[in-house]
Amino acid sequence: MPLDATAPPAGAADTAPLLSVEDLQVHFPIRAGVFQRQVGSVRAVDGVSFQLGRAETLGLVGESGCGKSTTGLALTGLIPATGGAVTFDGARVGAARGRDLARYRQRMQIVFQDPFSSLNPRQSVRDILRAPLDIHSIGAPAERNEQVLAMMRRVGLRPDQAGNYPHQFSGGQRQRIGIARALMLGPDVIVCDEPVSALDVSVQAQILNLLADLQEELGVAYLFISHDLGVVEYLSHKVAVMYLGKIVELAEKADLFAAPRHPYTELLLGSTPSLDPRKRHGFTAQSETVPSATHKPSGCAFRTRCPLATDRCASEEPPLVPREDGRLVACHHR
Amino acid sequence: MTDAAQPAPQAARARRRIRWPKALRSAPLIAGALISATIILLAIFAPFVATHDLTQMDMPNRFSGPSAEHWLGTDNFGRDLWSRLVYGARISVTIAIIAVTLSAIIGTVIGLVAGYFGGWVDLLLMRLTDIFLGFPPLVLVLAVVAVVGPGLLNVALSLVIVSWTEYARVVRSTTLSLREQNFVLAARAIGASPARILWREVLPNSLGPIIVLASLGLGTAIIWESALSFLGFGLPPPAPTWGWSLSYGTRFMREDPWMSIISGAAIMVTVLGFNLLGDGLRDLLDPRHQTRGKS
Amino acid sequence: MAPLRDIEAGDRRPADVAAPALSVRDVEIRIANADPPFTVVSDMSLEVAAGETLCIVGESGCGKSITALSLLRLLPDGVRVEHGEIDLGETDMLALSERRAEDIRGDRIAMIFQEPLTALNPVMPVGRQIGEALRRHRPMSRRAAARGAVAALERVQMPDAERRAQQYPHELSGGMRQRAMIALALCCEPEVIVADEPTTALDVTVQAQILGLIGELQRRLGTALVLITHDLGVVAETADRVIVMYAGRRVEEARVTDLFDEPLHPYTRGLMGAIPRGAATGGHGRLTDIKGTVPPMWDLPPGCAFAPRCPLAIDRCRAERPPLEEHRPGHLAACWRVNDAT
Amino acid sequence: MTIRKSATRGVAASLVALAAAGAVQAQDSLVIGADVDAGTLDPRLSRDTTAYRVTDLIYAGLVHLSPTLEPQPDMAESWESPDPQTVIFHLREGLTFSDGSPLTAEDVVYTFETLTDPDFNAPQLTLFAPIESVEAVDELTVQFNLSAPYAPLMSYLSMGIVPSDYAESGADLSSEPIGSGPMVLSEWNRGSDIVLEASDSYWAGTPEIETVTVRIVGDNSARAQAFEAGDLDVIQSPLSPQDIQRLEEDDRFGSEIMAGLGVTYLNFNTADPLLADPEMRQAFAMLVDQETIVNDIYQGVDEVATSIILPSSWAYDESITQPTFDPAGAAEKFAELGWSDSDGDGILDKDGEPLTVILSTHSEDPNRIQAVEYTQAMMQSVGVDAQIQITDWPSFSSGYVQQGQHQIALLGWLNLTDPDRLGYAQLTTGGSQNWGGYSNETVDTALEEGRTALDQETRAEAYQTAAEVIAEELPYYIISYQGYQLFWDKDLPVEVTADPRGNFRGMIGMPETAE
Amino acid sequence: MTAYVIRRLLLFVPMAVGIICVTFALLLLIPGDPASVLLGQEATAEGIASLRAAMGLDDPWYIRLGRYFADLAQGDMGRSIFQNAPVSEIILGRMGATIELAAVALFLSVVVGIGLGVLAAIRQGGIVDAATMLLAQLGISMPVYWLSLLLMLWFAVNLGWLPAIGRGEPLIPAFGMMLAGNPAPFLDSLAHITLPALSLAGNSAAIISRLVRTSMLEVLREDFVRTAKAKGMRRPQVVLGHALRNALLPVLSVIGLRFGALLGGAILTETIFAWPGLGQLTIAAISQRDVPLIQGIVLIFALIYATVTLAVDLAYAAVDPRIRLR
């Protein structure tokens, strides 16, 4: 599927992407002084655009503090976006109010990273999974418990554990509960915010398999946020690489991993340990100062770490533009 | 799908194994619970455990020490001290419970609202809290009792005015941290209203500190009540309040120390009991104490 | 970026291994203050020579961190080495008085911790924390210690070391903090370094630098390195030899190339199959997941601890614990079915 | 460890030594414990005991009251009364205030003119109300013109004379007093202590004691303990009865226990429907166990009272008696008045109304609270549903009793230097302190006569008449005559003479102020 | 930093206004008329009425409140009804004593509290721990006034070691005299302050010791303590050099609150030990309905409290480099 971030939302429903994000911005104010006036802002998410189709997975990858989680939270409305447009199933979300907003919320769910803090320790699994149904008055109250049990089975939990509390489950099981909760409202899109990074490898594989299975069965789309290139590679159809609030490269998975275009993507791939002791990278100890969102370099934010950087990179911010092979890259030199 | 649920019974078994022995091993908790329970039971069953009429005076026998007839001796009117202390427990505990319950409710609501909504609501409520914190507590209590007059409910009310702030501050800070917890975000993601979030998600998780504060608060309330009686602002006689007994007792401390010692000890033991209970609960409810040593 | 280089990993081990820098034999570690007490590490043995890197790999709760702490006699209260031997060169660590152990820690054996933000004292400038260690083991003036701390920071390629030495941990980035941690561990040039998940809290690009740094310094100083990790990628990148732990025991031990070429234990194989890249790269092929989770240490099944999760488990596995045996030259595994599975 | 131990012991020892040194040092100085701080040191505005006592040292009045309350010449050398409504005082020659300025008739006139000026709001305004005018006949002669004959006047003229020039210059006498008495103010740390030094300008000479420190210790027990610990040289009433007994037995201390000038009494609100009938009041009075209250609660430091006249007074007549403790009699009386326990709940009732009464007092005095509590128990024992109300003094006095909202209130009067002071204002119809709304013609007439008659015998008879009616009708039921107790350290360099008002002149060696 | 201090100071203004308003409301509601209290039992109705008028008590409440604020803005806290002196003067004369008492008590409770807390923490689970914490529990459970009377009875009356009441020279000038070669006043002042400060400090020392213990145990479990051990530091260096400083951070924030509590507790202690401070004055002012004085005292209490809280916050920032004051 060719990508064009600058294209307007398409009119025809079947060809239009399910979710279209344009120039999303999340800025946090910096306050100072006696009266705590706003003296500036942290541009945590600084003009992010992408599209997501039905039953598709977009991997959003980047290092800590690059704004990938903030993007996910802003899309699910958990923190306010300060700019940009989100179109969901052909409708502008920013304009939605009341019931429409609630419906949008219903169709867009989130799974969190830490399976320990994402479940209320004082509620049983049944309570946790029933809550979405109760809030949106879905189904007859008497049937809701049945729905809960069905969902538990679907995500691989034993229904007889419905009365148990989160602390009685292992990390992997908790993550299943988190996924079940997100699925209760039958969403079209699930934002997966580092859903497996707190898990052991063996359990991580269980959850990744589960997510893959669910997508196949339910046709749900994922915005899959992770810092782990391997995990992203496994699950995604397309991958977007973020650096300091911006997408620097967006491409089909195979293309991206086979031949990274942006120097940053290249650096990420080159820093990931190989799994073959005979093919070691031979990392070097060289150190560098990594800028943060509060102190963003001018022009291309990556220029301070980029081997290709020139004067132009300092003065002129490279736009994210489509290349001949269909991928989008924000670099003056690649 | 794989059988991921398999180890759960093990986990549950382990949990039980950890919890009970821990609760039972904690000597302060047990002592606190026993003392508190005893005091509350004595208060409830005062008519059955009291051996003498509360107001039966016997001036020739005033200040008699403990004896078979008067287990804890007699007071300044020759009344049976044991019976009066038992009935006094009723008053002290009732006042303490009313004061603590009301403080906890008021403080919790304010803390929840301030912590969850933040912004100017928070600013306003916390400034209000600061105002009440800025008073020396005893001055405020005295002033309030002077306004409303002495009486069981009034004394309790005056204690509420100085103690709700503590709950507000604690609940606010737990709310602030809970607000950022993913399960609260998750509740928002599934569309829960603020009221539902506060009631279902935040409050149950704030109960630990509230319970701890409350049991410590019971002790404090009992001390405050006795201080009020000491200064003459407590319940009027012949109410057998501990504060009066101690207050009278201290006047006769030099010649007839029994009354002072026994009433003081009654207050101390009770406060100690509630404090131990509160501390024990704090340890028990603290999640850090529940996890087992990691490898 | 660094080009991929082919390295014959595992060949760096010196041929004349007369005396290992650190040798551990049959250590058992128990949580003594639990009710009832239980064992968290059993039959732990390892040897690591100067200049060599030994990786201990396993999932959370397998006892690898406790093992690491025991090497420095840093076990928390109530956790005890029940029996066994830990020899640092000629020194029997377990026989030392606490004061003697204090003299050795940080001097001859040092540790790098996982989370440098919490592992460094938040209210003390990093330079002083390093200087303190120097003064503790090398009699020197305060001023000399301060200079030594800056030098130690320079050695770990801390940019602007002079200024950074004056800063508090929270003022440094994650990578710089870990560099400071390494500088602290290496300031007295110990014979053995124990690194417990030194890069887990870091971003990949920083992880690459830190791994590179540790490798360089180790080569330069000829230090023996025990590296604890859960990441097979890190193992493949750094190890000479590998110990795979499961539920408090070694289940497999081999030279790194041997392990990756032919994992013998079903658990090791499961781990490798569960890693998204490598095994299942390119497509939606399913990952081999290991069903269930690690059993808690106080509630281990009889027989092989991995049996309940093992696809190959037979009745014998559930009844009888397999010993760690050498199945290939220098390649040990604890499994009844090593030869049935391959 | 041993070293540390001996070090602590050393500190303790040096502290003890220090305390001892302090005691030895106090050669010609005197530390007196007081229960409250003086509100003011302007004698005209004094309203608390400490202010009375301290101003009595700083200032001197026309007369001085001896320990037996006889007016003695002080600033006035002599006086005469040409007619019942005129008194003429002759001042001593050469009197000066402590600042050296002369004390003349003008100062006396100024003092009493301000006192009687309603805008000046002197607390004792009513006592001086009969003074119509004061004039200076010459430098040394002052004439008081009264609106009516006013017998008690002399006992009030111990009021200190203030320097008119100094006062009119805008100086604040309250905090920077200047008088003509035996001592001058040296330091006043409010709420803590008042330090006085001997004056050399007092006509009768310089007191033996050079420095008097009045130290305020609010709590009675704490004050007694401080006295025992040697921090105070003299303490006096109010004291806890328990402490009094102990101190009396302690041979380190000198003691004087005597009848005081106060009473503790029940104020019946005669305007209250329940208590309007004297018979009802009598019945209630019969439930007051004076013996127990006086002997057990006050541990015998007070005396059982019989009427509104103090035993020490020239008007006292022991044949006048109030009802005494008699629960059976009280029960009978209630029955006669129609009160019976008709519903069997243990409480008397009449016309379906239970016999409920509120006993009240203030919270500051534990003995009064005990007295009320004890009386409550006695009342309950015969079926009176007696309740207790205890509030702090301001609420109790100004917000409650003075508004006539009480039923039976336990109170006290102090400083009853003349029978007039427990009568005229309190018990005459419409009297300014007649909070119980009592009214009786005989009493009104008798009290008026007691005030205006100049001959003591006539006055005594008048007061006895009034007292007799009061003892019968009981708007006041006097429970006890308060005792006065004084304790002092026997090591004091002066001979201590007690004064029932608690004044200090007897402690600096000037009890009589005689030449 | 400066902005932070200014902001904190500005925040005090609404708080003070609130406190004044609350005080005002309470005093309006309290029964008992200062005019008639002033004139005593012997007052007449006319006298009371004219005095009320003179004192401005007959004005509507908002006028009185407004007048109070207007005066306050000029630094005038009014005149005490009973002491007939400016409130500010009376309070200034007393404040030193209370601050001295509270400060010494705070010092005692901090020293004792930290000492016992550290001791209990490093001996966790042992007999020392149990004994210390039992002592702390008793300290918390003991009514202050009872403790005061018991201490006075024992040390002053029975043993005669220490004076029972009163205050010596203020400590600081007395200390100066000691430096000048005359130690007697300083020792005397110490002797006087010992009992009141001890009974006042008891409760706080107990609270602080428990807090220090908890905090210390927590810090001792922290990673950096393990790091310090890993680099071979001696145990005392680990405990005192690394753990204690971090453990004291949460304690610091409580010290401000404790100071407030000590000021409040001074009301009882000062009354019993005849300590010439604000606490004693407070009881007198309340029992006399001396409205301007009560308002002044409460305001001063709040002011002292706010100042201490500010100081504590600043100290916190100084001790903990992680706090950046904005």
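Convention: sequence-line order gives letters A, B, ...; per-chain numbering from 1.
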- Query: Is a salt bridge present between E:R221 and C:D77, judged by a nitrogen-to-oxygen distance below 4.0 Å?
  - Reply: no
- With E:M233 as reference, evaluate C:E132, C:R105, C:E102 under the side chain to side chain contact (heavy atoms under 4.5 Å, CB included) test and give the passing residue. C:E132
- Side-chain touch C:T118/E:F224, heavy atoms, less than 4.5 angstrom: no
- Query: E:R226 versus C:L69: any side-chain heavy-atom pair under 4.5 Å?
  - Reply: yes
- Message: Between C:R99 and E:R234, is there a side-chain heavy-atom distance shorter than 4.5 Å?
- Response: yes
- Query: Is it the backbone or the side chain of E:L249 that comes under 4.5 Å from a heavy atom of chain C, or both, or neither?
  - Reply: side chain
- Task: Count the heavy-atom pairs under 4.5 Å between each of C:A110, C:P116, C:P122, C:G106 and chain E, then report the option with the highest count.
- Result: C:P122
- Item | Residue C:I112 versus chain E: region with a heavy atom under 4.5 Å | neither
- Message: Are the side chains of C:R136 and E:Q237 in contact, using a 4.5 Å heavy-atom criterion?
- Response: yes
- Item | Which portion of C:R73 sits near chain E, non-hydrogen atoms under 4.5 angstrom | neither
- Query: Any luck finding a side-chain donor-acceptor pair between C:Q129 and E:H242 under 3.5 Å?
  - Reply: no
- Message: Just so I know, are the side chains of E:E222 and C:N121 near enough to count as touching, which here means a heavy-atom distance under 4.5 Å?
- Response: no
